[in-house]
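All figures in this text were calculated on a predicted structure; none of them were measured in a lab. What's counted below: heavy atoms across the whole structure, side chains too, no hydrogens, waters or symmetry copies.
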Amino acid sequence: MATQAPTSAHAAVAASGHGFLLPIRRPSTRIRLAVGRPATTLRAQPAAAEVVEQSVNTIRFLAVDAVEKAKSGHPGLPMGCAPLGHVLFDEFLRFNPKNPYWFNRDRFVLSAGHGCMLQYALLHLAGYDSVTMDDLKAFRQWGSRTPGHPENFETPGVEVTTGPLGQGFANAVGLALAEKHLAARFNRPDLKIVDHYTYVIAGDGCQMEGVSNEASSLAGHWGLGKLIAFYDDNHISIDGSTNIAFTEDVLARYEALGWHTIWVKNGNTGYDDIRAAIEEAQSVKDKPTLIKVTTTIGYGSPNKANTYSVHGSALGTKEVEATRNNLSWLHEPFHVPDEVKRHWSHHIDEGASLEAEWNNKFVEYEKKYHKEAAELKSIISGELPSGWDSALPTYTPESPADATRNLSQQCLNALAKAIPGFLGGSADLATSNMTLLKMFGDFQKDAPEERNIRFGVREHAMGAISNGIARHSSGLIPYCATFFVFTDYMRAAIRLSALCGSGVIFVMTHDSIGLGEDGPTHQPVEQLFSLRAMPNILMFRPADGKETSGAYKIAVLNRERPSVLALSRQKLQQLKGTTVEGVAKGGYIISDNSSGNKLDLILIGTGSELEIVEKAADELRKKGKTVRVVSLVCWELFEEQPEDYKESVFPSEVTSRISVEAGVTFGWEKYIGEKGKAIGIDRFGSSAPAGKIYKELGLTVQNVIAIARSL
């Protein structure tokens with residue numbers, strides 16, 4: 001298709017009729033990977049010292065003024081990190097402010113998310129439409145695009161949702177892993193089509209949180225050379241000086257973890273030192289870099305700098321005035337000097353040029369490496385290959401009984417063959433979780449093209465890294481696995497996955513007392529309801545092969561909410577009435593001997609207990625009872641169905657209902673009603689063979705029949 005010659009690099013990106021669409025979450029705009037004229041992009045030289053100083057103070061006071069107006073927030077980190085923020089964003093970070101989702105942009109994560117006014121100020125100065133001056137003035141207000149911690153679903157330009165300390169650091173490891181993996185698969189000696197850095201700013205609190213150490217250990221092991229982390233070493237946390245609880249040598253720890261380390265001793269005014277540190281970090285290709293930047297929290301505040309009082313509270317009117325005088329910033333609130341605006345405006349054309357240059361490189365890549373380009377396009381676009389779901393295994397009632405963890409492995413391997421962006425791994429339990437992709441090797445420092453990720457015994461980091469992979473905006477579909485009870489170790493990561501819309505697939509095996517002899521420490525009972533209570537997540541408990549395939553189909557399709565699959569260790573029968581299509585509705589009828597909805601009883605089960613329920617129904621039917629059996633494999637999907645469908649499954653006039661599930665009974669009253677009975681486990685399990693535990697705790701066909709007769 002012919003197009004008129006564009007007059008600028010920015011126009012080149014907008015004008016082209018070539019490209020493919022990149023899916024994003026919110027806003028719903030879809031982004032074109034367009035082709036323009038060849039563009040030569042030069043990074044701007046550092047601004048004059050006077051402009052740099054004005055820019056840094058602009059960043060500081062945009063943060064101070066926004067927090068003051070909101071009477072809420074954390075001004076200390078933005079005031080201290082403003083020099084680092086300026087140098088990084090203005091001189092090193094490669095991005096296009098008019099297309100925040102350009103694929104080959106550098107990724108930036110503010111792990112110390114409480115200091116988000118630093119990021120908002122930088123996005124505003126850089127020309128992002130998502131952070132206008134009105135947005136800065138609406139900091140922390142209802143409906144604002146500048147919430148109290150960075151949220152990727154509210155603010156284009158924010159890569160991941162951060163706040164719980166250390167999570168963003170681990171997300172950054174996932175972003176860097178995604179870059180290294182795709183680069184290894186698709187780059188060629190003459191054309192590097194995947195080539196970007198991941199930068200992250202973390203504070204003392206992030207360093208204290210264990211998840212960051214777990215993730216850092218993996219980053220060092222994997223040799224993520226495109227990951228550059230800045231440690232804001234300001235010695236202050238909410239309770240005061242870090243000397244009261246945190247005195248370790250962080251750089252020594254990171255050296256032991258396999259990182260390259262640098263110390264910028266003057267982060268307040270040492271602009272050249274910051275520049276030199278970033279350049280050195282970029283020159284190190286075989287390991288990630290931690291740059292310790294010693295700063296003064298609340299820099300410029302005469303009475304509150306270097307104190308905990310500037311960490312999480314507005315400065316107050318008098319101290320704001322004193323800070324303005326101290327830094328010779330005699331401007332009205334929210335003022336951006338014209339010379340600062342002029343300087344930062346170069347990012348609009350420069351960003352468009354960067355993207356246009358990459359687009360043209362992709363055209364050349366597509367001509368030389370057509371097959372690879374087509375596969376990369378399919379991954380980035382997020383469009384699943386035609387007929388991908390037909391690769392999922394099929395089962396019949398005659399198929400052999402098997403544990404759903406084994407059936408899950410069949411699904412995972414089928415999906416990996418059909419979907420080029422499918423990858424994942426386990427927290428040192430691959431042979432128990434049954435999650436190995438048999439046709440691929442292990443992702444390692446020297447084999448990053450492989451698709452089995454070995455997380456080691458690091459559940460928390462595993463979840464957070466997987467979130468980063470999902471938020472890379474490259475169409476990769478990550479899964480991760482451990483025992484279901486250990487979702488407690490990674491709950492914060494699962495919650496953030498749900499909050500920020502990361503379609504991670506959490507494969508959780510050993511889902512109940514059915515794991516047997518390992519005992520109550522490993523037997524989940526409350527976890528099912530706990531995760532059902534979490535918004536924007538799908539909690540599946542499939543009963544057999546058909547339901548396992550059905551759960552994976554829905555999980556893959558849901559790219560904006562995570563899925564948890566609770567899978568059995570013990571073998572389960574392949575049931576007659578289960579269907580893949582039924583799973584999509586969350587709850588459905590698998591057997592019913594009534595006519596006209598004239599029912600004596602409705603039995604409801606999930607997972608391994610659906611087999612028990614079906615056997616009990618058969619016995620009751622022999623006694624002349626009309627019994628319906630319902631699989632409630634995913635409560636969330638069932639609740640999304642039309643009211644008439646839900647009524648067709650659970651007719652309101654039928655009040656005799658029994659639920660059977662090897663977990664807490666809390667929550668089941670919604671489906672069994674006031675007159676129904678819930679059979680479950682409102683205590684911890686026990687160490688014994690699985691069959692014995694089921695019998696002792698009343699999860700048996702005989703007990704279901706006895707309770708049914710009492711209704």
Side-chain angles (χ1 to χ4, degrees), residues 170 210-211 214 218 402-412 424-437 452-467 478-495 497 504-532 534 537-543 548 551-552 555 562-572 606-609 661-664 680-681 683-691 693-694 697 699:
V211 65
E214 290 183 18
L218 281 166
D402 208 344
T404 51
R405 62 170 175 162
N406 293 332
L407 304 172
S408 165
Q409 185 175 43
Q410 296 169 20
C411 292
L412 288 172
S426 169
D428 197 51
L429 289 168
T431 55
S432 290
N433 299 143
M434 309 305 291
T435 49
L436 279 178
L437 303 179
N452 283 301
I453 304 175
R454 301 286 191 168
F455 289 102
V457 189
R458 302 181 184 93
E459 292 88 357
H460 197 179
M462 175 179 70
I465 290 170
S466 297
N467 286 342
Y479 69 89
C480 62
T482 185
F483 291 166
F484 190 35
V485 75
F486 296 145
T487 53
D488 290 350
Y489 273 133
M490 56 192 299
R491 186 176 177 83
I494 295 174
R495 185 177 189 273
S497 188
V504 178
I505 302 174
F506 295 95
V507 181
M508 300 294 142
T509 70
H510 298 61
D511 71 333
S512 72
I513 56 170
L515 67 89
E517 291 85 349
D518 275 347
T521 59
H522 285 53
Q523 293 167 353
V525 290
E526 75 277 18
Q527 281 74 16
L528 272 169
F529 183 78
S530 171
L531 288 167
R532 286 170 179 158
M534 189 178 288
I537 195 167
L538 298 176
M539 179 66 248
F540 293 95
R541 191 162 183 253
T548 303
Y552 271 109
S563 298
V564 181
L565 278 69
L567 304 164
S568 74
R569 180 193 184 194
Q570 72 272 34
K571 289 184 176 182
L572 305 178
T606 72
S608 47
E609 290 71 66
E661 184 175 69
V664 294
I681 307 171
R683 49 156 284 181
F684 291 116
S686 186
S687 178
I693 305 173
Y694 267 80
L697 297 183
L699 287 116

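- The shortest non-hydrogen separation linking Leu699 to Glu609 is CD2-CG, 3.9 Å.
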Between Gln409 and Leu436, does a side chain to side chain contact (heavy atoms under 4.5 Å, CB included) hold up when you go through it step by step? CA-CA 7 Å; Gln409 185 175 43; Leu436 279 178; 4.2 Å; yes

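- Note that the OH atom of Tyr479 and the CG atom of Leu437 stand 3.5 Å from one another [nearest 0.5 Å].
- Two residues are said to be in side-chain contact when any heavy atoms from C-beta on lie closer than 4.5 Å; Phe483 and Asn433 meet this criterion.
- The salt bridge (Lys or Arg N to Asp or Glu O under 4.0 Å) search around Arg532 returns Glu661, not counting sequence neighbours.
- Looking at Tyr489 and Thr482, their side chains never bring a donor and an acceptor atom within 3.5 Å of each other.
- Rounded to the nearest 0.5 Å, atoms CZ (Phe506) and OG (Ser466) are 6.5 Å apart.
- Residues Ala492 and His460 come closest through the heavy atom pair CB-NE2, 3.7 Å.
- For Gln523 (side chain) and Gly514 (main-chain N/O), no donor-acceptor pair under 3.5 Å exists by modelled atom type.
- Nearest heavy-atom pair, Ala170 versus Val211, reported as atom, atom and distance to 0.1 Å: CB-CG2, 4.2 Å.
- Put simply, the side chain of Ser497 never gets that close to the backbone of Asn467: no donor and acceptor are under 3.5 Å apart.
- Here OG of Ser512 is found 7.0 Å from CD1 of Ile681. Values are rounded to the nearest 0.5 Å.
- Looking at heavy atoms from C-beta onward, Ile505 lies in side-chain contact with Leu565 at the 4.5 angstrom threshold.
- Across Leu531 and Phe484, no two heavy atoms sit closer than the pair CD1-CE1, 3.7 Å.
- Counting only heavy atoms from C-beta outward, the side chains of Leu697 and Arg683 approach each other to under 4.5 Å.
- Looking only at atom types and distance, the side chain of Thr509 has no donor-acceptor partner in the side chain of Arg405 under 3.5 Å away.
- How far SG of Cys480 is from CD1 of Ile453: 9.0 Å, rounded to the nearest 0.5 Å.
- Remark: the backbone N or O of Ala543 is not paired with any side-chain donor or acceptor of Arg541 at under 3.5 angstrom.
- With rounding to the nearest 0.5 Å, the separation of CD in Gln527 from CE in Met539 is 10.0 Å.
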Could you check Met508 against Met490 for side chain to side chain contact (heavy atoms under 4.5 Å, CB included), going step by step and ending with a plain yes or no? CA-CA 12 Å; Met508 300 294 142; Met490 56 192 299; 4.1 Å; yes

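- A side-chain donor from one of Ser568 and Thr404 sits under 3.5 Å from a side-chain acceptor of the other.
- Judged purely by atom type and a 3.5 angstrom limit, Ser687 has no side-chain atom pairing as donor or acceptor with the backbone of Asp518.
- Minimum heavy-atom separation, Ala481 to Met462: O-CE, 3.3 Å.
- Taken from SG in Cys411 to CG in Asn406, the straight-line distance is 11.0 Å, to the nearest 0.5 Å.
- Side-chain atoms of Tyr552 and Ser408 include a donor-acceptor pair closer than 3.5 Å.
- Of all heavy-atom pairs between Ser608 and Leu572, the closest is CB-CD2, 3.5 Å.
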